[in-house]
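One structure is given here, and the rest of the page talks about it.
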Amino acid sequence: MKKVFAFLTLLILCTTVSAQGGSQMLSLERIFSSGEFNQERFGPARWIENGDAYTTLEVASGTAGAREIIRYETATGARSVLIPAQRLIPSGAQRALDISNYIWSPDKKKMLIFTNTVRVWRTNTKGDYWVLDLENWNLTQLGANMEASTLMFAKFSPDNTKVGYVQKHNIYVEDLASGKITQLTKDGSVKIINGTFDWVYEEELGQQDGFRWSPDSKRIAYWQLDANGIRDFLMVNYTDSAYSRTIPIQYPKVGTDGSAAKIGVVSASGGATQWMNIEGDPRQHYLARMDWANNEELIVQQLNRKQNTNKIMLTNGSSGTVKLVMAEKDEAWVQLHRDLNWIKDGKAFTWVSERDGWKHIYEISKSGEAKTLTPWEFDVVSIEHLDEKKGWVYYIASPDNATQRYLYRSKLNGKGKAERLSPAGDAGTHSYQISPDAKWAIHTYSSFNQPRTIDLISLPNHTVQRVLAANNKVKQTVAGLAKTPSEFFKVDIGDGVELDAYMIKPHDFDPTKKYPVLFHVYGEPAGQTVLDRWGGSGYLWHAMLAQQGYIVISMDNRGTPAPRGREWRKSVYGQIGILASHDQAKGAKAIIKNFDFVDEDRIGIWGWSGGGSMTLNMMFRYPEIYKTGMSIAPVGNQLLYDNIYQERYMGLPWENAENYKNGSPFTHAKGLEGNLLIIHGTGDDNVHYQNAEVVINELIKHNKFFSMMAYPNRSHGIYEGENTSRHLRELLTRYLNQNMEAGPKPDRDLNRNK
């Protein structure tokens, strides 16, 4: 075999195990039904007392099924029950409230309890809110006369006297002393959305909570979306009653206009709204971010429809006048983030930009002047904390390995060097919840096949003070599995391009024999697959397939959001489904060429969502490589996806029509030669089931045969309903076993010259 690949030794130096029985072997029942691999719960944790203490949720002793809020002294670990479960039992009730989330008031004398929650699209953002007064233990339900589980985004005013919330697309303020409720907006409806967002703003701009208290508690700034003109996409529910019913979703497809957004300011005591006088057609722009800069001004970010210009503006909350601070521009698209933080007493703010080819932190003055704070040739993944008093900015980065994540800090004045705080010996992925005084952090660490550890550390020395969730039992179980060390490596596809990849081999691997390969693919700008972190049930399923005799490989093509510089990420612009397909095919061919143990007659591929689209593209465009494919919830035609995502990465359809067509799997359906399984949930509000049917129609037209499975009323994640997750993996496993024989075969020509 030609040794042309640069291997990186990964993580866990586990010994090859050849035994076939007992706890060493994985099964679908073990992975998805037994609970054997469930990790310990911790949190949600909240820092209090400037970091001298923190609170978290723990199971209550003596109160079945309830959790209570515990206070820990950070330095000593001294534990005390801050809010016993008994204090969370409403008058007349028998059980304590089931806490989904809890929010401290600014003075820490009251607490909001979020409970009885229901899902809205991705997450549970509707529910009931209760206020617990820690001075007299009064427990009061907000909006008590409103319909159950309909309140959203309740939050205390900065002066601790009121709570604002959204209910049925209107904003309310409730006075905590008197219980008086003031309705601030009255035009909320299915089409007029106040204080929250429509489907596409939530999914693609990451916006759910749509109102902000002013620092002086006198006013509320909020988004209003006008969804008139957006057509409803109708999903159909056939199973919940004798007659089918339609489920409408306001969903702007590629090439159609979205909701018209505007931002207004209203007094917390009610009255008329002052709208911000932001220029530009509201249906051809997006108001992507907004918050108060001070008691009088808002800072607003406005994206144009192509999303290659982001205007950062200061608006006056009283007059609505607008002042442009700066405009962030990119030839492809500008990257949204939440790393705007005010510094220097509100005279400047931090900003993250790729303007010089790397994702760097900048200081931006209110007049728009920019100063680089991280002038090194590597990407900042995210800002974690600003310690302005001591002059440090803490952030996540990984200059040498795009598959990993570490904590760094550097001076806020941009001088000196970047200092890595994550331990050198702990290769993998680190995340942090840093205390307000930057002396402590709740630290989570995992690696590719090692479950997470959560501990409390001191900063900046990163010394472990105590372990919060060790997960030793799960770690021991994983360590005892029959497996070989997983390998991270790079694939050279020519023209100076190397792809990050990983490989999971069978536990009894014999390099003199030939093995089938299953590629796991995603490949779009929304995510990476090649990450050195614990992958949960997904990793375990891949490990089970390796035990059966498959090699599992994944590669990140250009265009994935790896910290490898702007050019890596933005090179995909205008050619989604095209450049990634090219890279994946070249990578697969390089692997077949350079690894003698890869059986080129047994190459499979699978993926979900964008990975489902990629699977179809690879099966249709490169049938000489891929013999078996399993595609879950794919976008079959890019014109059928939402406008914000697809237009961001492809441009406007009337300007790039040919690539919209060429990047869409259905265009190439006639190329299918191998075994194909298509899986889709009929209740998928994200990638509509319509996409599967478009591909199916093309396959029928060209007399191509395939298998398919529709999961009734399941959403994009295909997890709703009893046993769904296990059934899905069982389906994938059986299909793979039946269509791509597992296990080694003798090398027909081991010494062939490649």
Side-chain angles (χ1 to χ4, degrees), residues 43-51 53-57 68-69 71 82-83 87-88 90 97 99-117 124-146 149-167 170-185 194-196 207-223 265-270 290-295 298 317 338 341-342 433 435-436:
R46 303 281 185 269
W47 290 107
I48 57 174
E49 301 167 29
N50 199 39
Y54 62 90
T55 60
T56 188
L57 290 177
E68 53 195 7
I69 297 173
R71 178 191 183 276
L82 187 63
I83 301 178
R87 296 293 189 182
L88 297 173
L97 297 173
I99 306 173
S100 296
N101 197 6
Y102 66 97
I103 305 156
W104 285 102
S105 62
D107 64 4
K108 303 299 186 290
K109 294 180 180 179
K110 297 180 179 66
M111 180 172 285
L112 269 175
I113 305 294
F114 186 40
T115 187
N116 196 28
T117 66
N124 287 35
T125 51
K126 286 184 180 179
D128 296 330
Y129 285 91
W130 296 72
V131 176
L132 179 66
D133 190 321
L134 274 66
E135 294 183 327
N136 56 27
W137 296 112
N138 284 339
L139 184 63
T140 307
Q141 184 177 5
L142 297 174
N145 294 325
M146 295 178 177
S149 298
T150 60
L151 270 61
M152 307 176 75
F153 315 122
K155 45 187 174 282
F156 290 104
S157 58
D159 66 3
N160 309 288
T161 64
K162 299 175 282 291
V163 172
Y165 50 81
V166 174
Q167 199 258 356
N170 279 312
I171 302 171
Y172 297 80
V173 167
E174 187 161 341
D175 184 84
L176 295 177
S178 66
K180 179 184 176 182
I181 297 174
T182 302
Q183 185 173 349
L184 302 186
T185 66
N194 296 300
T196 185
Q207 293 288 37
Q208 295 177 312
D209 177 356
F211 75 95
R212 309 283 186 265
W213 279 104
S214 63
D216 61 8
S217 303
K218 294 180 179 179
R219 292 183 288 181
I220 281 178
Y222 68 97
W223 276 266
V265 173
V266 62
S267 169
S269 59
M290 175 272 288
D291 211 337
W292 289 92
N294 48 56
N295 285 328
L298 302 172
R338 299 184 185 277
N341 303 280
W342 288 99
Q433 186 177 342
S435 64

**Asked** Can you find a heavy atom in the side chain of Y165 that is under 4.5 Å from one in the side chain of M146?
**Response** yes
**Message:** I'd like to check Y102 versus I69 (side-chain heavy atoms, cut-off strictly below 4.5 Å). Are they in contact?
**Reply:** yes
**Message:** How about NZ on K218, more than 12 heavy atoms from neighbouring residues, nucleotides or ligands closer than 6.0 Å, or not?
**Reply:** no
**Prompt:** Do R212 and D209 meet the salt-bridge criterion of a basic N to acidic O distance under 4.0 Å?
**Reply:** yes
**Asked** Quick one: are W292 and V265 in side-chain contact, heavy atoms under 4.5 Å?
**Response** yes
**Request:** Heavy atoms only: give me the nearest N160-P106 pair and the separation to one decimal.
**Result:** OD1-CD, 3.0 Å
**Asked** Okay, side chain of T196, backbone of Q208: is any donor-acceptor separation there less than 3.5 Å?
**Response** yes
**Message:** With rounding to the nearest 0.5 angstrom, report the CZ to OG1 distance, R71 to T56.
**Reply:** 13.5 Å
**Prompt:** So, for K110 and L176, which heavy atoms are closest and what is the spacing to 0.1 Å?
**Reply:** CD-CD1, 3.8 Å
**Message:** Just verifying a value: how many Å separate M152 CE and N124 CG, rounded to the nearest 0.5 Å?
**Reply:** 10.5 Å
**Message:** Can you give me the closest heavy-atom contact between W213 and V163, atom names plus distance?
**Reply:** CZ2-C, 4.0 Å
**Message:** For a 4.5 angstrom cut-off between non-hydrogen side-chain atoms, does N194 reach N170?
**Reply:** yes
**Item:** Any donor-acceptor pair under 3.5 Å from W223 side chain to Q207 backbone
**Value:** no
**Request:** Can you see which heavy atom on L142 is nearest to which on A154, and at what distance?
**Result:** CD1-CB, 4.4 Å
**Request:** May I ask you to decide if K162's main-chain N or O and S157's side chain share a donor-acceptor pair within less than 3.5 Å?
**Result:** yes
**Request:** Using a 4.5 Å cut-off on heavy atoms from C-beta on, say whether the side chain of K109 contacts that of L134.
**Result:** no
**Item:** Heavy-atom side-chain contact between L57 and P44 under 4.5 Å
**Value:** yes
**Request:** Check step by step if side-chain hydrogen bond (donor to acceptor under 3.5 Å, both in side chains) holds for N138 and T140.
**Result:** CA-CA 6 Å; N138 284 339; T140 307; 5.9 Å; no
**Message:** For the CG atom of L151 and the CG atom of L112, what is their distance to the nearest 0.5 Å?
**Reply:** 10.0 Å
**Request:** Take the angle between the ring planes of Y54 and W47 and call it parallel below 30°, perpendicular above 60°, tilted in between.
**Result:** perpendicular
**Asked** Quick one: does Y222's side chain get under 4.5 Å of L184's, heavy atoms only?
**Response** no
**Prompt:** Just by distance, do the side chain of D216 and the backbone of N295 share a donor-acceptor pair under 3.5 Å?
**Reply:** no
**Prompt:** Is the side chain of S100 donor-acceptor paired with the backbone N or O of T117 at a distance under 3.5 Å, no angle test?
**Reply:** no
**Prompt:** Nearest 0.5 Å, what's the CD1-CG distance between I99 and L88?
**Reply:** 5.0 Å
**Request:** Measure the CE-OG1 distance between M111 and T55 for me, rounded to the nearest 0.5 Å.
**Result:** 5.5 Å
**Message:** Treating E49 as the side-chain partner and G51 as the backbone partner, does any N or O pair qualify as donor plus acceptor under 3.5 Å?
**Reply:** no
**Request:** Report yes if some heavy atom in the side chain of L97 is under 4.5 Å from a heavy atom in the side chain of P90; otherwise report no.
**Result:** yes
**Prompt:** Which distance, rounded to the nearest 0.5 Å, do you find between the CZ of F156 and the CD1 of I103?
**Reply:** 8.0 Å
**Request:** Output yes when a side-chain donor or acceptor of T150 lies under 3.5 Å from a complementary backbone atom of Q167, and no otherwise.
**Result:** no
**Prompt:** Could you go step by step and tell me if D128 and N116 meet the side-chain hydrogen bond (donor to acceptor under 3.5 Å, both in side chains) rule?
**Reply:** CA-CA 6 Å; D128 296 330; N116 196 28; 2.8 Å; yes
**Message:** So which atom in W137 and which in L82 form the shortest heavy-atom distance, rounded to 0.1 Å?
**Reply:** CH2-O, 3.5 Å
